[in-house]
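Written out below as structure tokens is the structure these notes cover.
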Amino acid sequence: MEKTYNPRDFEDRLYKEWEESGCFKAVRDDNKIPFTVMMPPPNITGQLHMGHAMDETMQDAVIRFKRMQGYCALWLPGTDHASIATEVKVVEQITKEGLSKESLGREGFLKRVWAWKDKYNTRIVEQLKKLGSSCDWSRLTFTMEEKCSRAVREVFVNLYNKGLIYRGSRIINWCPNCKTTLSDEEVNYAEEAGSFWHIKYFVEGDNETFLEVATTRPETMFGDTAVAVNPDDKRYKHLIGKKVILPVVNKSIPIVGDKHADMEFGTGVVKITPAHDPNDFEVGLRHNLPVVRVMNDDGTMNEQAGKYKGLDRYECRKQLVKDLKSGGFLVNIQPHAHNVGHCYRCGSTIEPLVSRQWFVKMEKLARPAIDAVTYKKITFVPERFAKIYYNWMENVKDWCISRQLWWGHRIPVWYCGDCGKEIVSKTDITECPHCGSKNLTQDEDVLDTWFSAALWPFSTLGYPDDTSDLEYFYPTDVLVTGYDIIFFWVARMIFSGIEHMRKVPFRDVLIHGLVRDEKGRKMSKSLGNGVDPLEVIDKYGADSLRFSLLQGVAPGNDTRYSDAKVEACRNFMNKIWNASRFVIMGTEGAKIKPISEFRLSAADKWIISKLQSAIRDVTLALNKFELGIACQIMYDFMWSDFCDWYIELVKPVLKSEDEVKRDGAASVLVFVLENALKLLHPFIPFITDEIYRNLPNTSGTIMTAEYPRYNAKLNYKKDAQSFAGIMDIITAVRAVKTEVNCPPSRKVRLFIHTDSKRLINANESSVLKLAGAKEIKFVNSAEEAGENAVTKVLAIGTVYIPMGELVDIEKEKARLSAELEKVTSEIARADGKLNNQGFISKAPKKLVDDERAKLNKFIEMREKILKQINSLN
RNA sequence: GGGGGCAUAGCUCAGUUGGUUAGAGCGCUUGCUUGACAUGCAAGAGGUCGCAGAUUCGAGUUCUGCUGUUCCCACCA
């Protein structure tokens with residue numbers, strides 16, 4: 001093995017080997033239990049960012065864990081065509097070349113998008129591989145490939161036939177820049193400083209009386225078809241039924257009474273513009289008002305705006321306000337902060353308007369989807385996200401699925417030019433089934449990108465065919481994704497899975513947070529604070545990045561990325577690397593045999609017990625998807641227990657003359673390291689496999705090795721506990737040396753008053769080595785240790801360390817007094833507890849016993865410390 | 001308007017059925033060319049776990065209220 005950890009030497013090589021060996025592939029095996037994870041398909045809009053890196057790492061960790069446990073583990077990868085997002089990108093690209101969608105035409109434009117897709121799809125796959133993702137590449141799926149398109153059509157037609165998809169004129173969100181509708185979820189609201197324009201609407205035939213209307217969007221005035229007041233409003237009640245004259249336009253519109261008008265808000269008078277406001281649309285329905293659209297698709301005014309026709313909506317507003325003012329209609333302008341909707345892709349201000357679109361009827365689909373979570377067929381991790389899900393699902397409105405875009409699944413509906421009927425079909429048609437006409441035109445629009453994404457858990461496995469894969473791998477086991485797409489995607493997969501497969505799409509939903517920058521800001525292009533995972537991998541290796549994205553992260557919580565964190569993880573990799581080098585080199589020539597063939601030392605039993613705890617706790621944590629905790633356990637075990645203690649303890653043994661002892665130590669070293677590597681493999685697959693291959697008596701890849709199982713027989717609790725006493729001695733001696741400024745290299749003599757002579761004798765060489773001592777003598781009193789000895793009172797006994805001229809009596813007294821104080825306060829605490837009748841009678845017996853033992857120990861220690869202080873006086 | 005999250009060491013964060021003397025990384029102090037590793041080793045300093053109550057034998061952990069901060073949903077024109 002190389003002297004320093006250099007991930008570039010082996011990461012790519014190992015990945016290639018894994019891929020070629022076929023161990024990523026999941027093939028139905030009825031002797032195994034399936035475990036399925038569907039990768040949330042990254043958008044082909046660009047390359048992967050840190051958020052993806054975390055998402056993929058979590059999935060990879062889970063799938064590798066399950067694979068090692070013997071499940072038939074399928075992690076199915078894919079990419080998403082991301083209809084609007086990609087289209088925006090490609091339009092940007094062609095605009096730079098002086099081209100446009102129109103100039104290229106539908107075919108030409110789509111050709112450009114496919115080229116884009118090829119480029120980014122390839123890049124994304126490369127990135128996933130660099131990260132170490134163990135997905136089944138033979139199943140790589142793109143949401144616009146034939147397999148998915150077939151599923152989309154099947155679902156569309158089925159929903160249509162059930163009456164759950166319909167076409168209707170309703171208020172939708174319109175992006176004037178992308179020139180398409182958006183679903184409610186695709187609109188982001190942000191508070192903006194706007195204005196309230198107060199405008200006089202004169203009552204017809206009365207030049208004195210007017211209603212003062214307050215509006216934030218005066219330019220929609222041309223579409224006003226009524227003015228509403230609250231029917232209970234004493235100020236205006238008498239005017240209901242009369243008419244007002246629309247200023248500038250000079251059109252007569254009715255005054256209606258409607259509870260929508262809030263008496264407390266503004267002037268209490270609302271202009272009603274059914275074509276451009278969702279609430280007004282409802283009012284319009286109630287009062288049978290005409291719907292007048294005043295804007296074109298690009299946000300300019302149409303012929304309804306009269307002389308303002310052709311102006312951009314905001315330019316029109318400016319001029320109109322000027323005219324209202326000069327006409328004497330404008331009362332005043334008040335500043336008003338209000339929320340304005342923006343397109344989630346291009347940021348343009350959304351225009352609500354009436355349009356004829358395709359919708360999915362949500363009411364019937366939502367109910368079973370709510371039940372699935374209520375009755376725990378699906379569990380959110382952490383649980384709190386179920387609440388967010390309920391809230392959305394219980395208030396969901398019909399889903400607008402048609403988009404005026406070209407990139408996406410085209411709506412499978414044809415309109416007959418002759419009989420006028422609409423035909424919905426799973427396959428392309430050229431002839432009207434009703435009248436035989438060939439005069440057919442397919443709906444121009446495509447489907448919302450989330451429509452196909454909603455089918456992902458089963459479209460990828462062959463739906464609508466009854467495939468063997470579907471039967472075996474569906475429902476999937478866990479979906480890993482961020483909280484930002486619960487509505488867009490998770491919710492829609494749930495109702496889709498239930499509706500079309502009659503089974504929930506997954507059993508657990510593991511939700512993670514966002515990866516933010518060092519300052520806690522969202523990583524974004526505009527801020528320029530994004531960090532490219534590939535660059536980090538190049539610098540530190542994939543394992544370091546992976547570990548940094550998992551360690552210390554709690555499910556559902558945001559986390560910060562920082563180079564410092566990755567560096568710390570790289571140091572951990574380096575630690576693992578070097579410890580392994582030591583094990584491999586240090587055990588060369590030794591006979592590595594099963595540990596059961598040796599008489600284990602106290603240190604051996606201690607580390608083996610620690611390993612058992614790690615196995616138990618890590619497995620438990622992973623089963624609960626607590627990846628951060630699992631990583632922390634392994635970090636501590638590997639660094640503190642294995643490296644700092646066990647390796648150091650075992651060094652003298654490896655140098656021993658006793659061959660059996662040497663072989664024993666070597667075997668334990670290899671045994672513990674091998675198990676630790678297996679436990680670490682799901683998180684840091686590269687380094688663990690590279691080392692595993694260099695260990696004695698291993699073959700093949702660690703990837704397919706069996707995951708360690710907890711073995712209670714190897715958990716030597718008592719031995720481990722008593723060995724902790726040895727560690728106490730070592731720590732105490734080191735501390736004393738530091739306190740009295742004794743160079744660590746200076747060997748000291750130890751006088752120990754203890755009942756555990758055998759234990760200490762058995763571990764003498766370790767104590768001498770690690771404490772930096774030259775001899776151990778057992779004594780029965782402080783006097784035997786001579787003068788100028790520093791005293792450490794420990795649970796295992798009292799240690800006297802002669803320090804000669806280095807000892808400052810006053811300092812030693814102060815030190816002992818400090819220790820006395822500490823022990824005294826502990827005694828007070830334990831005493832208080834044990835004097836509490838409630839504690840004695842209600843707390844578990846074990847706890848009470850432990851507390852009593854602790855108290856006795858502290859009392860004993862206090863006696864010894866007191867005695868020592870007295871002897872110094 | 002409704003609902004969450006977070007508030008623990010100087011900084012970034014863990015702490016999941018309530019139960020050892022509350023932890024880690026980074027930073028800080030002191031000392032170490034200890035034969036795997038200075039990307040390291042050893043010893044330390046540093047916390048009234050946001051505030052006020054409640055439940056309990058026992059609360060960082062449960063409940064209520066409050067303060068600060070942040071996010072999501074709704075969108076009164």
Side-chain angles (χ1 to χ4, degrees), chain A residues 1 3-5 189 196 213-217 220 228 260-262 264-267 269-273 277-280 283 336 338-341 382-385 387-388 391-392 395 483-484 486-487 513-514 518 520 540 548 551-560 562 564-565 567-586 621 624 626 628-629 631-632 635-636 640 643-644 647-648 651 655 731 734-739 741-745 769-770 772 822 825-826 829-830 833 836-844 846-848 850-851 854 858:
Chain A
M1 280 174 78
K3 198 163 180 180
T4 45
Y5 165 65
Y189 288 88
F196 242 153
V213 171
T215 179
T216 54
R217 295 191 306 152
T220 61
H260 168 60
D262 182 348
E264 312 291 317
F265 188 82
T267 57
V269 185
V270 198
K271 70 198 245 333
I272 302 298
T273 323
D277 183 278
N279 289 307
D280 292 5
V283 176
H336 178 66
H338 60 140
N339 272 334
V340 177
E383 236 169 321
R384 65 173 184 270
F385 289 102
K387 232 181 195 173
I388 294 173
N391 185 51
W392 185 83
N395 299 295
Y483 58 66
D484 47 335
I486 292 177
F487 308 138
L514 267 37
E518 285 172 281
Y540 298 102
S548 79
Q551 193 195 26
V553 173
N557 284 10
D558 288 352
T559 178
R560 294 184 195 205
S562 76
K565 224 187 259 183
E567 210 168 300
C569 293
R570 191 272 321 267
N571 293 352
F572 179 48
M573 298 310 130
N574 187 59
K575 190 76 185 171
I576 296 171
W577 184 262
N578 276 294
S580 304
R581 267 181 69 228
F582 172 81
V583 171
I584 289 161
M585 294 183 324
K624 290 193 276 180
E626 286 160 2
I629 291 175
C631 284
Q632 196 56 46
Y635 184 93
D636 291 339
S640 309
C643 294
D644 289 346
I647 285 184
E648 295 305 324
K651 274 177 181 173
K655 293 268 176 308
T731 303
R734 286 167 170 174
V736 166
K737 282 188 170 182
T738 304
E739 278 158 25
N741 291 322
C742 166
S745 52
K769 175 93 194 323
L770 299 196
K822 226 166 146 188
S825 84
E826 281 308 312
R829 190 196 50 77
K833 257 185 164 176
N836 183 335
Q837 267 314 309
F839 179 71
I840 301 287
S841 58
K842 290 184 183 171
K846 164 129 180 36
L847 217 65
V848 179
D850 285 355
E851 202 60 49
K854 238 183 286 170
F858 284 128

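Here is how names work: the chains are called A, B, and so on, in the same order as the sequence lines, proteins then strands, and each is numbered from 1.
- Backbone-only contact: A:A735 has heavy atoms under 4.0 Å from sugar-phosphate atoms and none from a base.
- For the pair A:K387 and B:G4, the criterion of a side-chain N or O lying under 4.0 Å from OP1 or OP2 is met.
- Listed nucleotides: B:G35, B:G31, B:A77. Nearest to the side chain of A:P744: B:G31.
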Between N or O atoms, less than 3.5 Å apart, protein on one side and nucleotides 23-29 of chain B on the other: list the pairs.
{"from": "B:A24", "atom 1": "O2'", "to": "A:Q632", "atom 2": "NE2", "distance (Å)": "3.4"}

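- Between A:R560 and A:E518 there is no salt bridge, since none of the side-chain N atoms of the basic residue sits less than 4.0 Å from a carboxylate O of the acidic one.
- Picking from B:G35, B:A36, B:U16 the nucleotide with the shortest atom distance to the side chain of A:F582 gives B:A36.
- Taking atom P in both B:A45 and B:G10, one finds a spacing of 14 Å when rounded to whole Å.
- Side chains of A:D558 and A:Y483: a donor-acceptor N/O pair is present below 3.5 angstrom, by distance only.
- In this structure, A:H336 and A:F196 have parallel ring planes: the angle between them is below the 30° cut-off, well short of the 60° mark.
- Each of B:U16, B:A77, B:G19 was ranked by its minimum atom distance to the side chain of A:D262; first place goes to B:A77.
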Under 3.5 Å for both distances, Watson-Crick or G-U wobble, that's the pair rule; now give the dot-bracket for RNA chain B, with | marking pairs to another strand and [ ] for crossing ones.
(((((((..((((.....[...)))).(((((.......))))).....(((((..]....))))))))))))....
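- Here A:K651 reaches the OP1 or OP2 of B:A36: one of its side-chain N or O atoms lies under 4.0 Å away.
- Atoms CG and OH, from A:N574 and A:Y540 in turn, are 13.0 Å apart once rounded to the nearest 0.5 Å.
- Comparing A:I840 and A:V270 by the nucleotide of RNA chain B that holds the closest heavy atom to each, the one mapping nearer the 5' end is A:I840.
- For A:K655, whose side chain is taken as the heavy atoms from C-beta onward, the closest listed nucleotide among B:G35, B:C37, B:A43 is B:G35.
- Nucleic acid contact for A:G552: sugar-phosphate only, since backbone atoms but no base atoms lie under 4.0 Å from a heavy atom of the residue.
- At least one side-chain heavy atom of A:H260 sits under 4.5 Å from a side-chain heavy atom of A:D280.
- Atom NE2 of A:H338 and atom OG1 of A:T216 lie 5.0 Å apart (nearest 0.5 Å).
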Derivation of the side chain to side chain contact (heavy atoms under 4.5 Å, CB included) call for A:K271 and A:T273
CA-CA 6 Å; A:K271 70 198 245 333; A:T273 323; 3.0 Å; yes
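- Residue contacts shown for A:A261 include a base, since a base heavy atom lies under 4.0 Å away.
- The residue A:N836 sits close only to the backbone: its heavy atoms come under 4.0 Å of sugar-phosphate atoms, none of a base.
- Considering all non-hydrogen atoms of both residues, A:R217 and A:T220 come closest at O-OG1, 2.8 Å.
- The residue A:I272 sits apart from the nucleic acid: no heavy atom pair falls under 4.0 Å.
- Protein atom CD1 of A:I486 is 17 Å distant from nucleotide atom P of B:C71, rounded to whole Å.
- Comparing B:C73, B:C37, B:G19 against the side chain of A:F487 picks out B:C73 as the nearest.
- A:D644 comes within contact range of the sugar-phosphate backbone alone, with a heavy-atom separation under 4.0 Å but no base atom that close.
- Counting atom types as modelled, A:E648 pairs no side-chain N or O with a base atom of B:A42 as donor and acceptor under 3.5 Å.
- Among the atoms of the strands shown, only primed sugar atoms or phosphate atoms (P, OP1, OP2) are found under 4.0 Å from some heavy atom of A:T731.
- Among the heavy atoms of the strands, none lies under 4.0 Å from A:E518.
- Of the candidates B:G35, B:G5, B:A36, B:G5 carries the atom nearest the A:R384 side chain, counting heavy atoms from C-beta on.
- Nucleotide B:C72 holds its P atom 8 Å from the OH atom of A:Y483, rounded to whole Å.
- Distance from the side chain of A:N557 is smallest to B:G5 among B:G5, B:G44, B:A77.
- Taking every side-chain heavy atom of A:A554 into account, B:A14 is the closest of B:A14, B:U39, B:A36.
- Within 3.5 Å, a donor on the side chain of A:N339 pairs with an acceptor on the base of B:C75, or the reverse.
- The nearest heavy atom of RNA chain B to A:F858 and to A:P555 marks one nucleotide each, and the one closer to the 5' end goes with A:P555.
- Annotation: the span from A:I576 atom CD1 to A:Y635 atom OH amounts to 9.5 Å, rounded to 0.5 Å.
- Salt bridge status for A:K846 with A:D850: present, with a side-chain N to carboxylate O gap under 4.0 Å.
- A:I629 comes within 4.0 angstrom of a nucleotide base, judged by non-hydrogen atoms across all strands.
- Looking at A:R560, its side chain has no donor and acceptor atom pair within 3.5 Å of the base of B:U12.
- For B:U39, the OP1/OP2 oxygens have no side-chain nitrogen or oxygen of A:R570 closer than 4.0 Å.
- Here A:C742 lies out of heavy-atom contact (under 4.0 Å) with every strand.
- Between B:C41 and A:K575, a contact under 4.0 Å exists linking OP1 or OP2 to a side-chain N or O.
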